[in-house]
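Every value quoted in this text rests on a predicted model; they were computed, and no experiment measured them.
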Amino acid sequence: MTPAEDAVPVPVLRLPRGPDGGGRGFEPRRGRPRAAEAEAEAQRARARLRARFLRALAAARGRPARFWLRAGVRVDATFGAAEREAAALLVEALRTPLGLQGAALLRGSDLLGFRFALP
């Protein structure tokens, strides 16, 4: 047998033409890595949650609310406003176990949650 008779044909994998038509490759819009798609979807989810949170803060303004703080403290107050990123919440007529405070700032880091009634 000659070396030519022993040769086994090998299939050739050809990539599709690129968007420019010249080189081989994948179209950037269609060949997007899955990790980038997952990150984009996670970013869209964060944006939707952020928008919902901001709408909740806008709806709570001027309404009586109940706040749960660290160490098991529960207080009632009228919701006023929130700083950017909810670092602090302005409340009025804060009712605590020690008495009534006209206005106060609740630190966002101390806040576990809050609830207010919808009309």
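- The two residues V91 and A77 come nearest to each other via the heavy atoms CB-CB, 3.7 Å.
- Under a 4.0 Å N-O distance rule, the pair E37/R44 does not qualify as a salt bridge.
- A 4.5 Å side-chain heavy-atom check between F79 and R63 finds every atom pair outside the cut-off.
- Note that OG1 of T96 and CD of Q101 are 7.5 Å apart. Values are rounded to the nearest 0.5 Å.
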Steps toward salt bridge (Lys or Arg N to Asp or Glu O under 4.0 Å) verdict (R48, E41) | CA-CA 11 Å; R48 284 191 302 269; E41 181 59 34; 3.6 Å; yes
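- The closest side-chain heavy-atom distance from D110 to F67 is not below 4.5 Å.
- R61 CZ to T78 OG1: the interatomic distance, rounded to the nearest 0.5 Å, is 12.5 Å.
- Counting heavy atoms of neighbouring residues, nucleotides and ligands inside a 6.0 Å radius, atom CD of Q43 does not exceed 12 of them.
- Between the side chain of R52 and the main chain of A47, no donor-acceptor pair closer than 3.5 Å is present.
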Start with the C-alpha gap between L100 and L94, add the side-chain angles, then the distance that decides, and say whether side-chain contact (heavy atoms from CB on, under 4.5 Å) holds.
-> CA-CA 6 Å; L100 182 67; L94 177 67; 5.8 Å; no
Can you list the steps and then say if R66 with F116 is a side-chain contact (heavy atoms from CB on, under 4.5 Å)?
-> CA-CA 7 Å; R66 177 165 286 167; F116 63 95; over 6 Å; no
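- R70 places a side-chain heavy atom less than 4.5 Å from the side chain of L112.
- No side-chain heavy atom of L89 sits under 4.5 Å from any side-chain heavy atom of L105.
- The hydrophobic clustering, which links ILVMFWY residues whose side-chain heavy atoms are closer than 4.5 Å, places L111 and L57 together.
- With values rounded to the nearest 0.5 angstrom, R74 atom CZ is found 8.5 Å from R115 atom CZ.
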